[in-house]
Participant: 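For reference, the structure I am asking about is given below.
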Amino acid sequence: MNKDYYDDSKPDFFKQVFQVAAQIPFGRVTSYGAIAKYLSAAKSSRMVGYAMNASHSLKSTIPAHRVVNRNGLLTGKNHFNTPTEMENKLKSEGVLIINDQIQDFENIFWDPKELDY
DNA sequence: AATGTGACATACC
DNA sequence: TGGTATGCCACAT
């Protein structure tokens with residue numbers, strides 16, 4: 001058969017991103033760069049966001065709203081169904097957001113490396 | 001095969 | 001203090 005969209009059965013770089021993103025604890029957030037580093041591809045931070053974009057086609061629910069840039073800014077909110085959905089979901093998880101900027105970002109920041117513990 | 005693209009990150013001016 | 005420029009690399013066309 002053809003590789004309909006993104007087959008999560010393949011060891012694509014995307015899949016790795018999805019795997020990590022899916023493990024982000026509730027009410028916590030992480031950055032693209034952190035995920036990239038965890039995948040030994042710190043220089044492919046852009047791909048992380050790119051992967052999130054592909055998550056639209058995924059059947060699995062990827063908490064892309066828990067992934068923000070290094071500044072804790074909701075740069076990708078624009079890619080959601082509605083620009084307000086991202087911060088809306090985060091707020092539902094107890095994340096305080098002001099002007100698309102996550103408050104206390106360092107406090108709720110979650111590093112994928114914690115998986116090793 | 002080659003070119004374009006991007007939900008980042010960093011450096012520089 | 002904030003915009004511009006460049007690197008970076010995997011995916012799309």
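All chains are named by letter (A, B, ...) in the order of the sequence lines, taking the proteins before the strands, and each is independently numbered beginning at 1. Just so you know, these numbers come straight off a predicted model, no measurement behind them. Note that these values count all heavy atoms, side chains included, but never hydrogens, waters or copies made by symmetry.
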Participant: Between atom CG in A/L73 and atom C1' in B/dA9, what is the gap in whole Å?
Facilitator: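 Taking atom C1' of B/dA9 as the reference, CG of A/L73 is at 14 Å.
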Participant: If you look at every strand shown and take non-hydrogen atoms under 4.0 Å, does A/N53 touch a base, only sugar-phosphate, or nothing?
Facilitator: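 Result for A/N53 = base.
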Participant: Could you run down the sub-3.5 Å N/O contacts of the protein with nucleotides 5-8 of chain C?
Facilitator:
{"unit_1": "C/dG7", "atom_1": "O6", "unit_2": "A/R46", "atom_2": "NH1", "d": "2.8"}
{"unit_1": "C/dC8", "atom_1": "N3", "unit_2": "A/R46", "atom_2": "NH1", "d": "3.2"}

Participant: What is the distance, to the nearest angstrom, from the NZ atom on A/K37 to the C1' atom on B/dC8?
Facilitator: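 Rounded to the whole Å, the gap is 12 Å.
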Participant: Of A/L74, A/V29, A/I35, which is the lone residue that meets side chain to side chain contact (heavy atoms under 4.5 Å, CB included) with A/V67?
Facilitator: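 It is A/I35, the one option of A/L74, A/V29, A/I35 that forms the side chain to side chain contact (heavy atoms under 4.5 Å, CB included) with A/V67.
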Participant: Please report the shortest heavy-atom distance between A/E93 and A/G27, naming the atom on each side.
Facilitator: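 The answer is OE1-N, 3.2 Å.
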Participant: The side chain of A/F13 is closest to which nucleotide in this list: B/dA9, C/dA10, B/dA7?
Facilitator: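 When the side chain of A/F13 is considered, C/dA10 is the closest of B/dA9, C/dA10, B/dA7.
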Participant: Whole angstroms only, please: what is the CG-C1' distance between A/N71 and C/dG2?
Facilitator: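 For the pair A/N71 CG and C/dG2 C1', the rounded distance is 13 Å.
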Participant: Name all residues meeting the salt bridge (Lys or Arg N to Asp or Glu O under 4.0 Å) criterion together with A/D111; count only those two or more places apart in sequence or in a different chain, and write none if there are none.
Facilitator: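 Scan of A/D111 (salt bridge (Lys or Arg N to Asp or Glu O under 4.0 Å), adjacent residues dropped) gives none.
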Participant: Separation of A/L39 atom CG from B/dA9 atom P, in whole Å?
Facilitator: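 Taking atom P of B/dA9 as the reference, CG of A/L39 is at 14 Å.
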Participant: Looking at every non-hydrogen atom in both residues, tell me the closest pair between A/K91 and A/I97 and how far apart they are.
Facilitator: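 Closest approach of A/K91 to A/I97: CE-O, 3.7 Å.
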Participant: Keeping to residues at least two apart or across chains, list the ring-ring contact (aromatic ring centres under 6.0 Å, His included) pairs with something in residues 75-111 of chain A.
Facilitator: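 Counting only pairs at least two positions apart or across chains, the ring-ring contact (aromatic ring centres under 6.0 Å, His included) contacts touching residues 75-111 of chain A are A/F105-A/F109.
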Participant: Starting from P on B/dA9, measure out to CG on A/N69 and report it in whole angstrom.
Facilitator: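 Answer to the nearest Å: 6 Å.
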Participant: How long is the span from the NZ atom in A/K15 to the CG atom in A/L39, to the nearest 0.5 Å?
Facilitator: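 The distance works out to 12.5 Å.
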Participant: Name the nucleic acid region contacted by A/H65, choosing base, sugar-phosphate or nothing; use a 4.0 angstrom heavy-atom cut-off, strictly under.
Facilitator: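 Answer is nothing: A/H65 stays at 4.0 Å or more from every strand.
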Participant: Using a heavy-atom cut-off of 4.0 Å across all strands, would you classify A/A42 as base, sugar-phosphate, or nothing?
Facilitator: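 Answer is nothing: A/A42 stays at 4.0 Å or more from every strand.
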Participant: How close or far is atom C1' of C/dA10 from atom CZ of A/F18, stated in whole angstroms?
Facilitator: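 Atom-to-atom, A/F18 to C/dA10, this comes out as 12 Å.
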Participant: So which nucleotide from B/dC8, B/dA7, B/dT5 ends up closest to the side chain of A/Y50?
Facilitator: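 Of all the options, the side chain of A/Y50 is nearest to B/dT5.
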Participant: Would you mind telling me which of C/dA10, B/dT10, B/dA7 lies closest to the side-chain atoms of A/R70?
Facilitator: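 Output: B/dT10.
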Participant: I need the CE-P distance between A/M52 and C/dC11, as an integer number of Å.
Facilitator: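 In whole Å, C/dC11 P and A/M52 CE are 14 Å from each other.
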Participant: Check whether A/L90 and A/I62 end up in the same hydrophobic cluster, where Ile, Leu, Val, Met, Phe, Trp and Tyr are linked by side-chain heavy atoms less than 4.5 Å apart.
Facilitator: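 No, it is not one cluster - the side chains of A/L90 and A/I62 are not joined through contacts under 4.5 Å.
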Participant: Without decimals, in angstroms, what is the distance between A/K77 NZ and B/dC8 P?
Facilitator: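 Atom-to-atom, A/K77 to B/dC8, this comes out as 13 Å.
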